[in-house]
Structures are given as C-alpha cells and as structure tokens.
K.L.:
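Take this structure first; my questions come after.
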There are 2 protein chains.
Amino acid sequence: MVRLVVMSDLLERLRGRGWRMTAQRRVVAEVLDGEHVHLTADEVYTRATARLPEISRATVYNALGELVSLGEVLEVATDDRAKRYDPNAHRPHHHLLCSRCGTIRDVHPTGDPLADLPDSERFGFTVSGVEVTYRGLCPDCTTT
Amino acid sequence: MVRLVVMSDLLERLRGRGWRMTAQRRVVAEVLDGEHVHLTADEVYTRATARLPEISRATVYNALGELVSLGEVLEVATDDRAKRYDPNAHRPHHHLLCSRCGTIRDVHPTGDPLADLPDSERFGFTVSGVEVTYRGLCPDCTTT
DNA sequence: ATCCTACGATGGACCAATTCCAAGTCAATA
DNA sequence: TATTGACTTGGAATTGGTCCATCGTAGGAT
C-alpha cells in the first residue's frame, strides 16, 4: 500500500520533470521503486521482462542512465563488475555491502564524515560529497 | 632512495610469506610499489611490458589478484569501468577522487567511521571494514 | 478522435575489461 | 641437476555495457 503511493510519487515526479512516459520506462521505474535491495542492470532487466517481455536490454540501460542523470537514482560502484542502482537517492545514506554475495543495504551512520576531512587533507580539491561503504558478511553468508 | 628501501621491503615481505618469486611477479610488484597514483590493471600491464616485454596480460591479472588476496594491495572500485590498485594497503587511509578526471589521492580523515555504525544499523552483518570516498574536483579540474 | 513528428525502443553488432584453459616453462627443493 | 608442482602464456570465451540504423509511439496540434 505504502509502496504503491511511493511508486506513483516517483512516476508523478518523473512526469512532472518532463520525462516522456512509455511502457518500458514505467516498468523500469516500477521495478527499481519496488525493491529495497540495489539491483544490477541485469537484475532490473530480468524483473522488467517479467512484466513486459519484449523490453530490450538497451532500453533498460538507457532508462537507468536517464534516471541517474535526473538524480532520481544513484549508481553504486562495487567490487563486482556490475554497477548497482539505488532508487533511494532523495535521502542521504550510506551502504553496507556483503563481500561474499554482493548484497547491498542502506545504512544511516551517525556523525558527519565531511567534517572529518581537515583542509590540510583536501589538497586543493573542491570536495562535494562523501560515500561511506561498510563491508562484511551478511547473515546468510556468515553461516554458510 | 626511500622508495628503493620500501620496494625491497615489499619483495622481502612477499618472499617471506611464501610467495614464489618469478620475474613477472617481481615486475608487477615493483611497478605498483614505484607509483603513488593508483593504476588500472592495464596501466600496470603497460608499465610491466616496458621492463619485461614478454609478460602476458593474464599474468598481470593473476599477480594483482594474488597481491589483493595477500592484503598487500587494495582493489579500488571507481565509477570507471576499470578497477584501480592501491599499493598502500598497510596503512589505513581513505580516498579523495576527482569526479572529472578520475585521479585518486589517499587521505587520512579524523574519526572512526566504524564506531559510527550502531548495532541497530548492522542488520546481522559481521562488519569487517569501511571505505570512505570523498568526491570533488581536483585543483586542475576546478579551474579549467 | 486523428494526425504528425520528434523522441524512444529495438536487437544485433561491437567494445573493453576480465577470466578461462590447455600446453609449455621454470623456481625451489631434494 | 633432476624433478615437479606451481607459474606463465596467448588466444578464446565471458561479462557488462555501448552504439547505431531502423521501426514504433507518446503526446501536442488540429
């Protein structure tokens, strides 16, 4: 129920931003919005084909790239080869990543890492953001 | 001068750890150790061929993978497609990355991000490490 | 409601980064 | 210095992603 509301918010927001809505784009947006884990492009494609079998891989990549440019989705680089897509771009958060299976969860640490980087460690850079990635084993991978 | 000492330390350490030493492995280790920027596998390969023209790409990948497993080198995932290799694994540090040109610098923020992740935000994971990546524009890219 | 047309979708070719594999080579031990 | 299991090789295969010419369609205009 809540998810449906959130989902239509996303679609509404995209439409309002002038994003031309097509069946394919809607499906990609819905797939991302319905998940709380961070999917790879291929996982998005698999889930999208379940709803819209004719959708093409290229279209999924296009839509993901556009959502990233619009700032609605975050691209997360992992040690895996595949990037993952984080639909929770509107709220600041960081990531907890299982080094065995690649699962990613959003986490909210305390403290402000930006404040922890003194000027003397900025080397003339204009620093605009931080990402914090915790690594470990998820419950499933710990036991098996 | 200092670099030569450090380099032989690395080779010594690897030998002591039972790492079978070959011309190819020595060259890869030397290339990494001689650089203060973080190279891609391909850049390592290029520099390695300068010293040992017959070395194969597969060997470079093998050696890099082994150095990573041994904990002597850190694998850094960037937004680029290629991973980068950070030979400074023995000292804890984080990264400052130019979002325009991809340059990476090592930085040493204050504070302990591991302490900033409460149990309630660990979701049953066994957390073993953190990486902090600051993003911004380097001095060169700020002005141009 | 229908027509236009610019923008989106398609799928197959292409590319870059990395891994795999079978055969040849060599470092370290005896 | 002979042996041998570990290392190296290069080429093929795989993976993740991009490009492009052509076809289709959302949404504004009529």
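Here is the naming used below: chain letters follow the sequence lines, and residue numbers restart at 1 for every chain. Values reported hereafter were calculated over all heavy atoms of this structure, with side chains retained and with hydrogens, waters and symmetry mates removed.
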K.L.:
Keeping R17(B) on the side-chain end and L70(B) on the backbone end, is there a donor-acceptor pair under 3.5 Å?
P.N.:
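Yes, because the side chain of R17(B) sits within donor-acceptor range (under 3.5 Å) of the backbone of L70(B).
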K.L.:
By the 4.0 Å heavy-atom rule, please label R25(A) as base, sugar-phosphate, or nothing.
P.N.:
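Answer is sugar-phosphate: R25(A) comes under 4.0 Å of backbone atoms only.
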K.L.:
Could you give the CZ-to-P distance, from R26(A) to dA9(C), as a whole number of Å?
P.N.:
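In whole Å, dA9(C) P and R26(A) CZ are 11 Å from each other.
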K.L.:
Does Q24(A) place a side-chain N or O at less than 4.0 Å from the phosphate oxygens OP1/OP2 of dT25(D)?
P.N.:
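No, Q24(A) has no side-chain N/O under 4.0 Å of OP1/OP2 on dT25(D).
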K.L.:
As a test of reading the structure: which of dT18(D), dT9(D), dT10(C) is closest to the side chain of A58(B), going by heavy atoms?
P.N.:
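Looking only at side-chain atoms, A58(B) lies closest to dT9(D).
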K.L.:
Mark yes or no for a side-chain to base donor-acceptor pair under 3.5 Å between R20(B) and dA27(C), with no hydrogen or angle criteria applied.
P.N.:
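By the distance-only test, yes, there is a pair.
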K.L.:
Can you tell me the distance, in whole Å, between the CZ atom of R57(B) and the C1' atom of dC20(C)?
P.N.:
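That distance rounds to 16 Å.
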K.L.:
For DNA chain C, whose closest nucleotide is more 5', that of K83(B) or that of N62(B)?
P.N.:
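Counting from the 5' end, the first nearest nucleotide belongs to K83(B).
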K.L.:
Using a 4.5 Å cut-off on heavy atoms from C-beta on, say whether the side chain of T142(B) contacts that of F125(A).
P.N.:
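No, their side chains stay 4.5 Å or more apart.
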K.L.:
Give one of base, sugar-phosphate or nothing for T59(A), where a contact means two heavy atoms less than 4.0 Å apart.
P.N.:
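Answer is base: heavy atoms of T59(A) come under 4.0 Å of a base.
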K.L.:
Starting at atom CZ of R81(A), determine the distance to atom C1' of dT19(C), rounded to an integer number of angstrom.
P.N.:
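The distance from CZ of R81(A) to C1' of dT19(C) comes to 7 Å, rounded to the nearest Å.
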K.L.:
Apply side-chain contact (heavy atoms from CB on, under 4.5 Å) to the pair L39(B) and V37(B), showing each step before the final yes or no.
P.N.:
CA-CA 6 Å; L39(B) 303 174; V37(B) 298; 3.8 Å; yes
K.L.:
Which whole-number value in Å describes the distance from Y45(A) OH to dG17(D) C1'?
P.N.:
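Atom-to-atom, Y45(A) to dG17(D), this comes out as 14 Å.
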K.L.:
Taking only N and O in the side chain of T22(B), is any of them less than 4.0 Å away from OP1 or OP2 of dT8(D)?
P.N.:
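Indeed, a polar side-chain atom of T22(B) lies that close.
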K.L.:
With a 3.5 Å distance limit and no angle check, can you tell me whether R122(B) reaches the backbone of L117(B) through a side-chain donor-acceptor pair?
P.N.:
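Yes; judged by distance alone, with no hydrogens or angles, the pair exists.
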K.L.:
In whole angstroms, how far is the P atom of dA9(C) from the CE atom of M21(A)?
P.N.:
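So the CE-P distance, M21(A) to dA9(C), works out to 10 Å.
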K.L.:
Give the rounded distance in Å between these two atoms: OH of Y61(B) and P of dG11(D).
P.N.:
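Atom OH in Y61(B) sits about 16 Å away from atom P in dG11(D).
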K.L.:
Please report, rounded to the nearest Å, how far the P atom of dC7(D) is from the CG atom of L52(B).
P.N.:
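Rounded to the whole Å, the gap is 17 Å.
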K.L.:
For H95(A) and H38(A), take the angle between the two ring planes, folded into 0 to 90°, and tell me which bin it lands in: parallel under 30, tilted 30 to 60, perpendicular over 60.
P.N.:
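Because their plane-to-plane angle is over 60°, the rings of H95(A) and H38(A) count as perpendicular.
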K.L.:
Quick check: on DNA chain C, is the nucleotide nearest T40(B) upstream (toward 5') of the one nearest A23(A), or the reverse? Name the residue that is more 5'.
P.N.:
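The residue mapped nearer the 5' terminus is A23(A).
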K.L.:
Can you tell me the distance, in whole Å, between the CG atom of D79(B) and the P atom of dG16(D)?
P.N.:
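About 17 Å, once rounded to whole Å.
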